[in-house]
There are 2 protein chains.
Amino acid sequence: MEVTNRYVVVKTHVEAMPSLSDFELKSESLKLSVEPGSKDVIVRNLYVSIDPYQLNRMKSNSNSQRSGGFAIGIVLGKEIDAYGLAKVVVSDKEEFAEGDLVVGLISWGEYTKIGSEGILRKLDPMGFPLSYHVGVLGFSGLTAYAGLFEVCKLKPGEKVFVSAACGSVGNLVGQYAKLLGCYVVGSAGTKKKVDLLKEKLGFDDAFNYREEPDLKSTLQRYFPDGIDVYFDNVGAEMQEAAVDVMNRFGRVAVCGVISEYTNTERRAAPNMLDVIYKRIKIQGFLAADHVNILADFISTTAEYLRSGKMIPVEDISEGVESVPTAFMGLFRGDNMGKKIVKIGQE
Amino acid sequence: MEVTNRYVVVKTHVEAMPSLSDFELKSESLKLSVEPGSKDVIVRNLYVSIDPYQLNRMKSNSNSQRSGGFAIGIVLGKEIDAYGLAKVVVSDKEEFAEGDLVVGLISWGEYTKIGSEGILRKLDPMGFPLSYHVGVLGFSGLTAYAGLFEVCKLKPGEKVFVSAACGSVGNLVGQYAKLLGCYVVGSAGTKKKVDLLKEKLGFDDAFNYREEPDLKSTLQRYFPDGIDVYFDNVGAEMQEAAVDVMNRFGRVAVCGVISEYTNTERRAAPNMLDVIYKRIKIQGFLAADHVNILADFISTTAEYLRSGKMIPVEDISEGVESVPTAFMGLFRGDNMGKKIVKIGQE
């Protein structure tokens, strides 16, 4: 049996803000069969994750020294691998059978053929909506969890600041920190997001950074007792301000620097005198290094979700053709919570 | 009995490069007696340490939020406390008797009267020259040791870069790392220093940063396999270049940023994409937080010194009146190794 597989590619390297003309929707016929012995698996994609880090993979220098897993460059004109949830169509791997639900590296397309080296695991949906497994129970959740508990070793009562707090990871950072008994403030770019953080997600406070001309005094106002942990999703001036207002032995978990992704001239230049005298640690991390805590993360988070203590925030578009717009929206701050594209029906 | 005590003070806040006119040598008569019950101790100073961090204490904003021990501002016109070695003249504390040798916080002066809260401990010279206890067996040594082994958790075979490698701490960083079996390269500001590092201190290589127009390509040349640990004494562009050339899971121990001390406009702006994708940790530290390893540090270092495996590099001036010049020289790179002023004869 053959199907038409539509998938999104980039036509050109993207160095700054992505635009629609950088992308193309390709159509290709795909035979739904696998060679015996190939260990190939073909899946039909249901939900794919739309993440800012993909922009780094589109840059012309993405295959330079820094490539470390996620930063491996995307090949122009070829399928773009991305985290997502899919249904097995045909499998030469004995772990998977037709109809199995799986999560792992699929693609921004309707179908994905995954080779023997592919990263895929069988999914038990545990009664949750499938999209949860791409966001709150997927890599976004693991990123928030690992950054707070493994990188920063967050303790109850500490003061936590998170930027891009309405983003896929940021909103979960705030919710985990609140559940641990921390004081949490988030920054976001619209009033609607600020309201959501304060009124629905239980943040102690939140502010619209676009309305704050002096981020240092803003943070001093929201943190009269200083910041212990800063979960950095944006980089640049916000990181500098957070280091300025940080307490002794403070930790900065650098998860992403979205404001620097689209402008390579923007750089955080934290005051190293503060870093020294306040013994601050600034540490970059990838969730992929923390799969050892996956089981713990999933059981803890599933329990929070079941008891209603944690609220997933999802922003779902429909159809593979909406991937480029969904992706571009990340850099304009269009999304509320986890950006997902629903590619197909279960 | 009364003596004349001469000591150095700063007359004005020093925001950038210090100059001779910022200092004054005061003379005061001092009664060599202590009140019973006061717990006061009067010591005659023999050797005092001359350290760059004192400049941060001379700045007008030194008492701001970042004050964390060492950054407590110096009071204009008053004695300046500094690490050093002294002989007890008279003591109301039972731990100390006349004639005892002590190390701790004394002052840039000929005598120091130390109150009950003073930081002082009795010294066993262990057969070493007294000046060693101000440098290689004092806080400089502990700083190198704690930064490498506690902050960076250095492992044999790793590639280590140290800046200001001929400074009081840098030369010891390189020597400890070599003794652990690491590949070590240092940067310094003169040919004479570079020669010393390579020919006498056993560094694998060294370079004169003043002759290198592009620090990133310089470091790529000296570290074809990347840097695992960067011991940062200078900050600014050098830190940026080291992060560029760093390997995955690399560590930057920020000990000092001397190039930023005299110019608050200079800032390191390490590439956060590298920090994230290479999971780099940038951590500030103070040796004072690591007194728990003092005994281990002293016994290890004493053994290295006795066996000739470690070579102290000292740069000693004589007389309290030479303190300002010695201090100013730190920021011009005048000193080779540990800068000490010998104040008095044993």
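Atom set for the values below is all heavy atoms of this structure, side chains included, hydrogens, waters and symmetry mates excluded. Not measured: the values here are computed from a predicted model. Residue numbering restarts at 1 for every chain, and letters A, B, ... go by the order of the sequence lines.
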**Request:** Determine, stepwise, if the pair A/V254 / B/K281 fulfils side chain to side chain contact (heavy atoms under 4.5 Å, CB included).
**Result:** CA-CA 10 Å; A/V254 192; B/K281 184 175 83 170; over 6 Å; no
**Message:** So for atom CD1, which belongs to B/I119, do other residues, nucleotides or ligands contribute more than 12 heavy atoms lying within a distance under 6.0 Å?
**Reply:** no
**Request:** Please assess B/Q239 against A/M272 for the test side chain to side chain contact (heavy atoms under 4.5 Å, CB included), listing each intermediate value before the final yes or no.
**Result:** CA-CA 10 Å; B/Q239 187 191 95; A/M272 286 293 150; 3.3 Å; yes
**Fill in**
Closest non-hydrogen atoms of A/A269 and B/A269, given as atom of the first, atom of the second and distance, are CB-CB, 3.9 Å
**Request:** Find the distance between CZ (B/R267) and CG (A/N271) and round it off to the nearest 0.5 Å.
**Result:** 4.0 Å
**Asked** Tell me, do B/R279 and A/L286 make a side-chain contact under 4.5 Å, heavy atoms counted?
**Response** yes
**Request:** Please round to the nearest 0.5 Å and tell me the distance separating atom CD1 of B/I280 and atom CZ of A/F285.
**Result:** 15.0 Å
**Prompt:** Non-hydrogen atoms of chain A under 4.5 Å away: do they reach the side chain of B/D232, the backbone, both or neither?
**Reply:** neither
**Request:** Could you go through the side chain to side chain contact (heavy atoms under 4.5 Å, CB included) check for A/Y53 and B/I276 one step at a time?
**Result:** CA-CA 11 Å; A/Y53 77 81; B/I276 296 169; over 6 Å; no
